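Let me begin by presenting the structure, written as structure tokens, before commenting on it.
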Amino acid sequence: MPPDTPVQQPSVSAAPTRPGSDPGPDIRAVGDDADLLTAWIAGIRTGFNAPPGGDPKEVSDRLAGMDLSRARGVFDEGRCVATFRSFDQELTAPGGNAVRADAVTAVTVSSTHRRRGLLTRLMTEDLRTARERGDTVATLIAAEYRIYGRYGFGPAASATTLEIDTARAGFDPRHTGRPEDLGLSGSIRFADPREVRKIGPELHERFRRLHPGAIDRDDFWWDRFTGVVRWSDDDSPTPRHLLYTDAEGVPQGLASHTIDETWTHGRPDNLLNVRSLIGTSPQAERALWHHLCSNDWVGRVSTGKRGPDDPVRSVLPDRRAARITNHWDFLWVRPLDTAAMLRSRSYRTDGELVVEVRDPLGLSGGRFLLTASPEGAECAPTDRSADLALDTGTLAGLWLGERSATLAHAAGELDEEAPGAVVRADLLLGTGRRPWCADVF
Ligand SMILES: CC(C)(COP(=O)(O)OP(=O)(O)OC[C@H]1O[C@@H](n2cnc3c(N)ncnc32)[C@H](O)[C@@H]1OP(=O)(O)O)[C@@H](O)C(=O)NCCC(=O)NCCS
């Protein structure tokens, strides 16, 4: 359990608490202390309603490979009652630049300590530090819609899951699921986990630059995904990997899946679960989807979390064979440096826009002049009158291409201060495909 000598962060005491309320227990950095870390893991389990754990092997499994330098806990009477961690991440903006993100995760407060302002203390401190460090945005995956807007986050990349009834898809039974069935010149073969561990990271680096909303995958991610590292309590099935290579033999796509075997009345009705499918071109994505959906014995394909504009339906002769099983806000983004954020992406056309950004925490608000072009942009504070006024959360969705200015305006989340500014914003900010974040963190 926690020793008496906490590693107190000096700036934490400056974090706001509720007026007139007790500042509450101390926030401690837990990264360098094995006992604090063990209690911190137990705190996460409590906050996420998991059964008590505590097996030392499980704890060390969980911690290995994790950047704990910004892991924080709140301790009360020897228990860790609130947890929070942030780490460095890269997030792809429209146009392919990766911006520095403060990725927030492991957010829990035990049920005994909720609604006393602990999350607010942890979050405001972390966001202020990230802003001072020079991060452009903060990111998180929200468990519930109503938690994070108050801290300036907004939904920025939604996720869609689909189930495909392959018998209804209308594929020609003479087809083999090979790329040539689609008139493509590449080929598909199985790859073993060691090969995926070797070539996957480089393939993913090319992939993520093409997809706004994509985040980087570190070595630990690949070790876990390919089974090099396996947590002691992980009994999930090992995926199979399919590699799509182009006509020159260069890997351009990777699909990983598991299959649940089911037979109904003597007929195969296996469920194929897609764990990951990435491609560096629409051809690669289509070839892999086509292959997975044309597999003998596979009656249903569960796509896992895809971007809302995923091309999976385009390979189905009968597109109604795909049914959306879930669609929700997934990745939330919080602007930390508005000018840097708007400079980081490309725009559809040349133009200017003055945006007034309201920030609930006073970190990145102000009035900014954006001078945009397809090649890049300039953005700086300005005294010119605003064309649009919006809050940081709305800006996040517009910036990444999740939402149009027209829709934000219709929802009452954006004020048009100059006539025609909403249409002008959409002409500048429009993207061909909505963003997609493929990974949970
Ligand atoms: C979500 C959670 C971390 C909030 O922690 P907390 O310490 O209770 O939050 P705070 O006391 O700082 O609350 C700040 C504000 O957010 C509101 N809020 C907190 N959680 C909320 C929720 N789930 N839904 C709606 N509002 C919520 C509070 O009412 C409070 O509002 P106020 O300032 O207007 O009074 C905590 O409830 C929890 O651990 N939940 C289960 C695990 C979880 O969902 N984690 C998030 C993973 S992404």
Side-chain angles (χ1 to χ4, degrees), residues 9 11-28 30 39-53 62 66-68 70-77 79-87 89 91 101-130 137-159 213 215 305 326-334 358-363 391-393 396-397 402 437-441:
Q9 302 301 300
S11 50
V12 166
S13 57
T17 54
R18 290 166 189 228
S21 69
D22 186 309
D26 292 336
I27 295 175
R28 300 180 189 183
V30 299
W40 188 76
I41 296 274
I44 293 177
R45 296 187 73 92
T46 307
F48 283 147
N49 293 337
R62 288 272 186 287
M66 213 186 261
D67 173 6
L68 294 163
R70 304 206 303 262
R72 301 267 185 279
V74 175
F75 294 84
D76 194 15
E77 296 182 349
R79 300 186 82 87
C80 182
V81 296
T83 62
F84 192 101
R85 181 170 83 92
S86 68
F87 60 95
Q89 187 183 68
L91 171 71
D102 175 53
V104 172
T105 184
V107 175
T108 73
V109 174
S110 298
S111 59
T112 48
H113 286 69
R114 285 181 188 155
R115 310 302 185 265
R116 298 185 195 174
L118 289 183
L119 170 61
T120 301
R121 285 175 63 199
L122 288 157
M123 181 66 88
T124 50
E125 165 64 17
D126 185 77
L127 293 176
R128 288 211 166 91
T129 312
V137 296
T139 56
L140 55 79
I141 311 286
E144 292 190 80
Y145 195 92
R146 298 192 61 205
I147 304 174
Y148 297 106
R150 74 191 66 241
Y151 307 117
F153 287 83
S158 50
I215 55 175
K305 289 181 292 301
N326 203 354
H327 175 81
W328 75 108
D329 56 280
F330 179 65
L331 178 76
W332 288 56
V333 170
R334 201 256 188 245
R358 298 179 291 253
D359 186 331
L361 300 183
L363 295 174
D391 64 21
T392 49
E402 168 75 0
C437 178
D439 298 312
V440 180
F441 57 91

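Remember, it's 1-based here, ligands and their atoms both numbered in the order they're listed. What you are looking at is a predicted structure, and each value in this text was computed from that prediction instead of being measured.
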Closest to atom 21 (C) of ligand 1 (judged by heavy-atom distance), picking from E144, R146, R116, R115: R115
Minimum side-chain heavy-atom gap W40-R85 below 4.5 Å: yes
I need the atoms of ligand 1 closer than 4.0 Å to a non-hydrogen atom of G117, numbered in the order shown. 10 (P), 11 (O), 12 (O)
Looking at side-chain heavy atoms only, is the closest gap between V74 and H113 below 4.5 Å? no
Residue A143 vicinity, atoms of ligand 1 by number, heavy atom under 4.0 Å: 44 (O), 47 (C), 48 (S)
Residues R72, D126: salt bridge by 4.0 Å N-O rule: no
One finds that the ligand 1 atoms under 4.0 Å from a non-hydrogen atom of R114 are 8 (O), 36 (C), 37 (O), 38 (C), 39 (O), 40 (N), 41 (C)
Taking the side chain as every heavy atom from C-beta outward, state whether P52 and R45 have any pair of such atoms under 4.5 Å apart. no
Is there a side-chain contact between T83 and V107 (heavy atoms, below 4.5 Å)? no
4.5 Å side-chain heavy-atom contact, R150 and P360: no
Is there a side-chain contact between V440 and K305, using heavy atoms and a 4.5 Å cut-off? yes
Which of these, V107, T124, V109, T120, has its nearest heavy atom closest to atom 39 (O) of ligand 1? V109
Please state which part of R121 comes within less than 4.0 Å of ligand 1, counting heavy atoms only: side chain, backbone, both or neither. neither
For ligand 1, which atoms, with element, lie under 4.0 Å from some heavy atom of T108? 39 (O)
How does Y148 reach ligand 1, if at all, at less than 4.0 Å between non-hydrogen atoms: by side chain, backbone, both, or neither? side chain
Which of the atoms of ligand 1 are close to R150, meaning less than 4.0 Å from one of its heavy atoms? 15 (C), 16 (O), 17 (C), 26 (N), 30 (C), 31 (O), 32 (P), 33 (O), 34 (O)
Beyond-backbone contact of I147 with F153, side-chain heavy atoms, under 4.5 angstrom: no
Heavy-atom gap T105 to ligand 1 smaller than 4.0 Å: no
A142 N/O to ligand 1 N/O under 3.5 Å: no
Which segment of L140 sits under 4.0 Å of ligand 1 when only heavy atoms are counted: neither
Salt bridge between R334 and D359, side-chain N to carboxylate O under 4.0 Å? yes
Would you please classify the geometry between the W328 ring and the F330 ring as parallel, tilted or perpendicular, with 30° and 60° separating the classes? perpendicular
Atoms of ligand 1 less than 4.0 Å from I141 heavy atoms? 48 (S)
Taking non-hydrogen atoms only, is Y151 closer than 4.0 angstrom to ligand 1 via side chain, backbone, both or neither? side chain
Can you sort out which atoms of ligand 1 are near G47, meaning under 4.0 Å from one of its heavy atoms? 41 (C), 42 (C)
